[in-house]
Amino acid sequence: MIIVLKPKISKREEAAVVREIKRLGYIPHIMRGVARTVIGAIGDELTHQSLESLPTNFPNAVESVMPVQKRYKLVSREAHPANSTIDVRGTIIGGKKVQIMAGPCSVESEDQLLKTAHAVKAAGATILRGGAFKPRTSPYEFQGLGLKGLKLLDKARQETGLGIITELLSEDHAEMVAEYTDIIQIGARNSQNFQLLIAAAKTGKPVLLKRGLSMRIEEWLLAGEYVLSNNNPNLLFCERGIRTFETYTRNTLDLSTIPIIKKESHSPIVIDPSQGAGRADLVMSMCKGAVAMGADALLIEVHPNPAKALSDAAQQLSLEMFARLMTELKPFLAAAGRE
Ligand code: PEP
Ligand code: MN
């Protein structure tokens, strides 16, 4: 159930409503919007007492009580009609500006990372991506630099001021990764690893949740519910393509998820055309399409020497290609009413 509070109620009145929700056997999740606050009350409505008496019992504080019909509750737009925005060291994701997260698939060396970080920043990116723990299909392929990679990301952040996004692969690493990153990435292969999602949520860092390789949108939204229901409001959905029968692309980038996530949820939607297409030559078109359709951010792989990359060589843009992409995106951003 969603409890819509009246605008400008006092802290005391709000606390009284929260106490009553708990007394009736529900877990309250407070969501503060610009105009007003709503409370998501999570609990089984069949076994608990009804919340419908709240507007009568708290006439000065509670405006209405609404059921959420969907299986996902806190993630749903019914619970939170306004877009959620996520503040990453002053970079707002989900606002007017389409934020660009760019960097190598894997952190490989100080030289590789810093060169990329400075170049993507100069071209207009605001967040640096780079995997330190890599989920590789083969155990014989490059697995990432681990802690050393995290430290290099931290160094790049200090040198450039860019925010950092990196993947969390294991619950055991949650605290360590959270210490170095600004956004935790949950990869496609772990998108329904619920214990990992809970561990990521509990770090308090924003969580970017990739869509799984064969995940339905409802399953993705429900996976996102694990983040929000663990008291972390800072969730980003990231479409990175799904496995289909097609072989010309590595995955099939499902751009229909942009309007669908926008309709169903208040959390921002990020598009990753790099994993999505698996081909550097398609990244530009995918980005233009994503911007036109309302994506809130793009996650793009960039490498100073893509041919020599230790992972995902075919899909990484060179520094020059990335700069050209940023220039060519401008009219598409303007046409979409974005910056
Ligand atoms: C990546 O971002 O490099 C990555 C491994 O992504 P995904 O989990 O989408 O495959
Ligand atoms: Mn990659």
Side-chain angles (χ1 to χ4, degrees), residues 99-108 112-113 116 120 125 127-139 141-146 149-150 152-153 163-170 173 177 181-193 196-197 200 206-215 217 219-220 223-224 227 236-244 249-255 257 261 269-280 282-283 286-287 290 295 297-318 321-322:
Q99 301 294 351
I100 308 295
M101 311 176 179
C105 176
S106 301
V107 178
E108 298 172 6
Q112 172 242 21
L113 187 67
T116 312
V120 299
I127 292 171
L128 177 67
R129 66 147 288 151
F133 294 93
K134 294 303 300 177
R136 304 309 301 281
T137 301
S138 161
E141 287 165 358
F142 180 59
Q143 303 287 309
L145 296 180
L150 295 177
L152 291 175
L153 287 165
I164 300 294
I165 177 167
T166 197
E167 181 164 353
L168 173 66
L169 268 189
S170 155
H173 297 154
V177 170
T181 197
D182 299 304
I183 305 174
I184 291 182
Q185 175 174 323
I186 299 292
R189 290 154 191 83
N190 271 317
S191 51
Q192 282 183 304
N193 182 340
L196 185 67
L197 282 167
V207 176
L208 177 137
L209 175 62
K210 296 255 194 145
R211 183 180 182 184
L213 281 83
S214 62
M215 201 183 214
I217 294 172
E219 293 168 326
W220 191 19
V227 176
L236 303 133
F237 288 104
C238 178
E239 163 68 38
R240 46 77 72 206
I242 48 175
R243 178 73 60 89
T244 70
T249 45
R250 179 182 179 189
N251 293 294
T252 296
L253 185 69
D254 182 3
L255 289 180
T257 54
I261 292 292
I269 172 84
V270 182
I271 294 295
D272 174 349
S274 304
Q275 327 301 320
R279 291 171 46 169
L282 299 186
V283 168
M286 299 298 201
C287 287
L298 303 170
L299 181 67
I300 303 168
E301 290 189 343
V302 182
H303 193 288
N305 187 354
K308 287 269 155 56
L310 299 181
S311 59
D312 289 350
Q315 69 197 34
Q316 305 208 50
L317 302 187
S318 66
M321 284 169 89
F322 179 71

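Since we're looking at a predicted model, the values are computed, not measured. Values below: all heavy atoms of this structure, side chains included; hydrogens, waters and symmetry mates excluded. Order of listing sets the numbers, starting from 1, for every ligand and every atom in it.
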Margin query: With side chain to side chain contact (heavy atoms under 4.5 Å, CB included) as the test, pick out the partner of I183 among T166, L236, I164.
Written below: L236

Check: Only one of L197, N190, V177, V207 forms a side chain to side chain contact (heavy atoms under 4.5 Å, CB included) with L168, so which one is it?
Finding: V177

Check: Can you tell me the N, O or S atom of E301 that's nearest the Mn ion (ligand 2)?
Finding: OE2

Next item on the list: To 10°, measure the OD2(D312)-the Mn ion (ligand 2)-SG(C105) angle for me.
Entry: 90°

Do any N or O atoms from the side chain of [X] and from the backbone of [Y] form a donor-acceptor pair under 3.5 angstrom?
{"X": "T181", "Y": "I184", "value": "no"}
{"X": "N251", "Y": "L253", "value": "no"}
{"X": "Q99", "Y": "I127", "value": "no"}
{"X": "E239", "Y": "D254", "value": "yes"}
{"X": "Q316", "Y": "A309", "value": "no"}

Can you produce the list of protein nitrogen or oxygen atoms under 3.5 Å from a nitrogen or oxygen of ligand 1, alongside each distance?
unit_1	atom_1	unit_2	atom_2	d
ligand 1	2 (O)	R129	NH1	2.8
ligand 1	2 (O)	R129	NH2	3.3
ligand 1	2 (O)	Q185	NE2	3.0
ligand 1	2 (O)	K210	NZ	3.1
ligand 1	2 (O)	Q275	NE2	3.2
ligand 1	3 (O)	R129	NH2	3.0
ligand 1	3 (O)	K134	NZ	2.9
ligand 1	3 (O)	Q275	NE2	3.4
ligand 1	3 (O)	E301	OE2	3.1
ligand 1	6 (O)	K210	NZ	3.0
ligand 1	8 (O)	A188	N	2.7
ligand 1	9 (O)	K210	NZ	2.9
ligand 1	9 (O)	R240	NE	2.6
ligand 1	10 (O)	R189	NH1	2.9
ligand 1	10 (O)	R240	NH2	2.8

